[in-house]
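Worksheet for the structure shown next.
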Number of protein chains: 2
Amino acid sequence: MSQTRETGTLGKLMVLLDLVTHADTPLRFTDILARARQPRGTLHRQLSHLVEEGLLELDGDGRYAPGLRLLDFAARSWARNEFRLVAEPHLSELQQATGETVHLGVLRGQSIIYLDKVEGRQPVRMYSQIGNASPCYCTGVGKAALSLLPPETLVDLLAGLSFTSFTASTHASAETLAAEIREIAEQGYAFDREEHEAGIRCVAAPVWSEDRTFIGGISVTGPAYRLSMELLRQWAVPVQLAAARIMEGMRVRLGPRR
Amino acid sequence: MSQTRETGTLGKLMVLLDLVTHADTPLRFTDILARARQPRGTLHRQLSHLVEEGLLELDGDGRYAPGLRLLDFAARSWARNEFRLVAEPHLSELQQATGETVHLGVLRGQSIIYLDKVEGRQPVRMYSQIGNASPCYCTGVGKAALSLLPPETLVDLLAGLSFTSFTASTHASAETLAAEIREIAEQGYAFDREEHEAGIRCVAAPVWSEDRTFIGGISVTGPAYRLSMELLRQWAVPVQLAAARIMEGMRVRLGPRR
DNA sequence: AAATTAAGTTCCAAATAATGGAACGTGAGA
DNA sequence: TCTCACGTTCCATTATTTGGAACTTAATTT
């Protein structure tokens, strides 16, 4: 998930930040000590620095939680993200056309990070999905993104994956995944056949920015009982169309400068 | 806004992260060089480290933008934040009762960071507000939060403020602000009389967690033409009630452990 | 096209910060 | 009161960062 260096001052601190943000609940000093391979004195100072910077917070019980400064950073990066800004209107349009939830995600390391989500009427918790990192091998957006990679990069990435079986249909080996990705590269669209979450299907299309800073995809997602494979196949075309419009938008936006 | 140390390896890197995330547009190396007080060689290596860790991203044009890894960190800290989790149902209830937008914010340094926002029916961009840092001296939540501080802490904080006049009614000096905060401390609720944004009013009440990790407030916000001061005064009671329930919820949640 | 300037990158001895083992509080429970 | 587990502080050693300068590459001008 995280491509942390683990060396250098920053690298070591990021490992700790990862540790704390990935925990289900705030961690006490000793909990962190057990998981981080650091001497007590060192760990203590490292945590203090992170707290001083607002990246971690230490509550009255001596438990470390992620710092709210991270929220401020994130709110800013999200609000100004060029890819997201360009994609936004096209995502809404696609949502209108299908009535289902639309996602925009990009590949970072081995994960898909969701950059945006457009739902129907109901005011659903956005943060719950936006910013979340999901595996690339069992999501529509993820597989669509992988189909964009040059063969060598793809091989390297696949080699580093460890396959967790979320459902019965989750890919369990690099071989079957590679085969499907070849197919996706030809077709130009991908499905998620309940591979990440039982009862949830999606159809996705690859999207990228011209400078290849963003390699990702968009998808239309919904419950299997409502979204037959038949219907998803029909939606492949509008999804690809929306993807094409986003790429054109990025071309226009980046073009004049180069 | 940022209480960065500016010394130590991490401190210097955070200054850069602040610089890039605060910029309106991705910055080129030279732009950053001009603003950061660092020699070229040093700056180059620092930026490289941030990019390696995914905290910054370098696009094809050599422009640095905030890294998407920040989103992942933030999504996690938000999803698991105890204060927010406890407050959530009470915010929704308050939204139902008033029909207007409800906010939850906490004090971090001199800023209020919005932890949650509950709007009416329409699916509004949440991220646009959640995580955002706003000044404490011209928001209802901010002034409510300040009214909770011990006198000495408050004096120190006020001394460090620089007052930007967003509207004609924005406080422009520590003296008038301090006077209003004394009043708020007595009353137990605060108003924002179009001090941050023209045409926007709110009524807020202070909220804090027992261990004082979270010092903040909740507010009901809306357009001035719809929310007379008269109406806001009526809402002060339900807002204070919701605040009381949140604090009780935190007491129960934290209590058993200590 | 050559010359000039600007932009970005790499290098390495010197300066600085991080390390980690051990000693030192501190508070809860026996 | 004693003990033990949990945190915190200290400081000589070690590793990383620093920053000036040299170098490469790209853009602009003559």
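Predicted model, so just to flag it, every value in this text is computed and none were measured. Each chain gets a letter, A, B and so on, in the order its sequence line appears, and its residues count up from 1. What's counted below: heavy atoms across the whole structure, side chains too, no hydrogens, waters or symmetry copies.
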Heavy-atom pair of closest approach, residues [X] and [Y]:
{"X": "B:Y64", "Y": "B:V20", "result": "O-CG1, 3.7 Å"}
{"X": "A:Y114", "Y": "A:S134", "result": "CE1-OG, 3.5 Å"}
{"X": "A:G60", "Y": "B:D211", "result": "N-OD2, 3.3 Å"}
{"X": "A:A144", "Y": "A:I184", "result": "CA-CG2, 4.3 Å"}
{"X": "B:L10", "Y": "A:H49", "result": "CD2-O, 3.8 Å"}
{"X": "A:I113", "Y": "B:L68", "result": "CD1-O, 3.7 Å"}

Handout entry: Test item: A:D31 side-chain N/O and A:A34 main-chain N/O as donor-acceptor pair under 3.5 Å
Key = no
Practice task
Can you tell me the distance, in whole Å, between the CG atom of A:L58 and the P atom of D:dC6?
Solution key: 16 Å
Exercise for the section: Answer yes or no: is there a side-chain heavy-atom contact under 4.5 Å between A:R251 and A:S209? Expected result: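 When only atoms from C-beta onward are counted, A:S209 and A:R251 do not touch, as no gap falls below 4.5 Å.
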Handout entry: Any A:F166 side-chain heavy atom under 4.5 Å of A:P135 side chain
Key = yes
Detail all sub-3.5 Å separations between protein N/O atoms and N/O atoms belonging to nucleotides 27-30 of chain C.
none

Exercise for the section: Give a yes/no on whether any side-chain N or O of B:T30 is located under 4.0 angstrom from OP1 or OP2 of C:dG8. Expected result: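 The answer is yes; a side-chain N or O of B:T30 sits under 4.0 Å from OP1 or OP2.
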Produce the list of close N/O pairs, under 3.5 Å, pairing protein atoms with atoms of nucleotides 14-16 of chain D; give distances to one decimal.
{"residue": "D:dT16", "atom": "O3'", "partner": "A:T9", "partner atom": "OG1", "Å": "3.3"}

Fill in the blank from the handout: Per the under-4.0 Å heavy-atom filter, residues of residues 31-46 of chain A near DNA chain C come out as A:Q38, A:P39, A:G41, A:T42, A:R45, A:Q46
